[in-house]
Protein chains: 2
Amino acid sequence: MANQSPRLDQVFAALADPTRRAIVMRLCAGEASVGELADPFAMALPSFMKHIHVLETSGLVLSEKSGRVRTCRLSPDALLGAEDWFQQQRAIWEARLDRFEAYVMKLKKEKERAAAKRPSRTTKRKGSE
Amino acid sequence: MANQSPRLDQVFAALADPTRRAIVMRLCAGEASVGELADPFAMALPSFMKHIHVLETSGLVLSEKSGRVRTCRLSPDALLGAEDWFQQQRAIWEARLDRFEAYVMKLKKEKERAAAKRPSRTTKRKGSE
DNA sequence: CGATTGGTTAGCCATGAAGCTAACTATAGG
DNA sequence: CCTATAGTTAGCTTCATGGCTAACCAATCG
């Protein structure tokens with residue numbers, strides 16, 4: 001029940017930036033070096049590296065340096081964790097909608113029964129909500 | 001293909017804060033007034049209202065004031081939009097994994113065929129990557 | 001060796017986010 | 001009418017974020 005996970009904070013914060021989302025999207029297609037990743041962006045390397053670092057500390061991306069080139073790849077766990085969060089919320093939301101619908105149905109039925117009992121009151125306006 | 005949606009920026013940024021995620025979770029269970037929402041948090045009202053406002057401009061939450069009380073409710077669209085983003089990434093990721101697996105299978109088969117051809121070389125080490 | 005390439009570190013700046021208090025508006029209740 | 005309630009506005013601090021330049025390693029390559 002305690003959903004105070006600092007990981008989610010970082011994952012969502014990381015994904016709030018279009019540059020970083022683009023990096024994640026790129027990495028979904030396969031690993032790449034920092035240089036390759038940086039290429040499409042009109043941004044100085046140090047600025048770009050900050051984004052990589054943010055992605056890394058959020059757990060979304062892993063990287064490894066061999067020689068003078070650092071290769072980055074996606075770590076699906078964090079991504080899946082965030083997706084889970086959405087699915088949980090949606091489940092709760094949908095359960096509520098179901099309950100609400102059930103409630104409306106119940107009201108409707110009661111109204112029908114009342115109408116059957118004393119038809120003269122069928123045209124009564126809306127009723128209390 | 002242009003996924004530069006400023007909406008996603010705002011939605012993810014909104015969800016990067018634990019207070020705001022808690023608000024969203026609370027609202028999944030049904031609408032509530034600002035006061036009700038603020039109650040569990042040890043935070044001055046003006047600070048809290050900022051969170052509400054962030055949620056509102058992100059499109060996650062709608063609110064309406066009647067009398068002196070403002071009632072908030074979830075707007076599922078933005079939530080679903082964000083969930084979609086994850087599902088798209090996952091689809092790409094999984095397609096890649098499939099392709100990778102297919103590639104590995106192909107390698108394996110070739111190796112087997114080679115082994116069948118000249119069994120003496122079966123114990124050769126790893127091979128070039 | 002010396003130059004180039006690929007990345008890293010350090011430090012600066014502007015902006016925006018998250019919190020606070022204090023003071024104000026406007027409805028509801030007595 | 002008076003007071004308490006529910007938000008709201010204004011203005012202030014502090015810290016994080018996103019960008020830059022300049023200078024600095026450390027592998028390659030010629």
Side-chain angles (χ1 to χ4, degrees), chain A residues 4-27 30-73 78 129, chain B residues 3-27 30-73 78:
Chain A
Q4 225 57 345
S5 168
R7 181 53 71 89
L8 269 190
D9 286 27
Q10 296 179 300
V11 170
F12 282 132
L15 294 177
D17 184 287
T19 299
R20 289 193 292 257
R21 276 202 308 283
I23 295 173
V24 168
M25 291 168 75
R26 168 60 238 278
L27 288 179
E31 53 182 45
S33 72
V34 170
E36 280 176 292
L37 289 172
D39 195 52
F41 300 96
M43 187 184 297
L45 247 229
S47 315
F48 187 79
M49 282 297 294
K50 278 195 192 174
H51 288 297
I52 297 286
H53 191 247
V54 169
L55 287 169
E56 228 169 332
T57 57
S58 78
L60 282 164
V61 164
L62 299 176
S63 78
E64 223 175 336
K65 194 163 180 178
S66 111
R68 67 184 167 182
V69 39
R70 172 172 300 278
T71 305
C72 304
R73 62 194 170 81
E129 158 56 9
Chain B
N3 227 333
Q4 226 57 342
S5 168
R7 178 57 69 89
L8 269 189
D9 286 27
Q10 295 179 301
V11 170
F12 283 131
L15 294 177
D17 184 287
T19 299
R20 290 193 292 257
R21 276 202 308 283
I23 295 173
V24 168
M25 290 168 75
R26 168 60 239 275
L27 288 179
E31 52 183 46
S33 72
V34 170
E36 281 175 291
L37 289 173
D39 194 51
F41 299 95
M43 190 185 295
L45 246 229
S47 316
F48 188 80
M49 282 297 294
K50 277 195 191 172
H51 288 297
I52 297 286
H53 191 246
V54 169
L55 287 168
E56 228 170 333
T57 58
S58 78
L60 283 164
V61 163
L62 299 175
S63 78
E64 224 175 336
K65 193 164 179 177
S66 110
R68 67 184 166 177
V69 39
R70 172 172 299 276
T71 305
C72 305
R73 63 196 169 80

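Just so we're on the same page: letters track the sequence lines, and every chain starts at 1.
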If you assign A/Val69 and A/Asp17 each to the DNA chain D nucleotide with the nearest heavy atom, which residue ends up on the more 5' nucleotide?
A/Asp17
I want to verify a distance call: between C/dT21, D/dT21, C/dG7, whose nearest atom is closest to the A/Ala44 side chain?
D/dT21
Contacts of A/Leu45 and A/Ser66 projected onto DNA chain D by closest heavy atom; the upstream (5') one is A/Leu45
Interatomic distance where CD belongs to A/Gln10 and P belongs to D/dA16 [whole Å]:
13 Å
Quick note, B/Met43 side chain, CB onward, closest among C/dC20, C/dG7, D/dG7 is C/dC20
Shortest non-hydrogen contact between B/Leu27 and B/Arg73, atoms and distance:
CD1-C, 4.3 Å
Looking at B/Leu15 and B/Arg21, what are the two nearest heavy atoms and their distance?
O-NH1, 2.7 Å
To the nearest angstrom, the CD1-P distance between A/Ile52 and D/dT17 comes to 16 Å
In this structure, how many angstroms lie between the P atom of D/dA26 and the CZ atom of A/Arg70, rounded?
14 Å
Any idea which heavy atoms bring A/Ser63 and A/Cys72 closest together, and the distance?
CB-SG, 3.9 Å
Taking every non-hydrogen atom, the tightest pair across B/Thr57 and B/Gln10:
O-OE1, 3.6 Å
Atom CZ of A/Phe48 to atom P of C/dG6: distance rounded to whole Å?
14 Å
Would you say A/Ser47 reaches D/dG18's phosphate, i.e. side-chain N/O to OP1/OP2 under 4.0 Å?
no
Measuring to OP1 and OP2 of D/dA4, would you say a side-chain N or O of B/Arg68 lies under 4.0 angstrom away?
no
Please state whether the phosphate of D/dG19, meaning OP1 or OP2, lies under 4.0 angstrom from any side-chain nitrogen or oxygen of A/His51.
yes
Whole-Å gap separating P (D/dT17) and CG (B/Asp9):
15 Å
Which one, D/dA10, C/dG7, D/dT21, comes nearest to the side chain of A/Pro46?
D/dT21
Looking at every heavy atom in both B/Phe48 and B/Val34, which two are closest together, and how far apart are they?
CE2-O, 3.9 Å
Just compare C/dT8, C/dG7, D/dT8 and give me whichever is closest to any side-chain atom of A/Met49.
C/dT8
Write down the distance between CG (A/Asp39) and C1' (C/dG6), rounded to a whole number of angstrom.
13 Å
When the distance from NE2 of B/His53 to P of D/dG7 is rounded to whole Å, what number comes out?
16 Å
What's the CZ-P distance between A/Phe41 and D/dG18, to the nearest Å?
13 Å
Any N or O donor-acceptor pair linking the side chain of B/Lys50 to the base of C/dG19 at under 3.5 Å?
yes
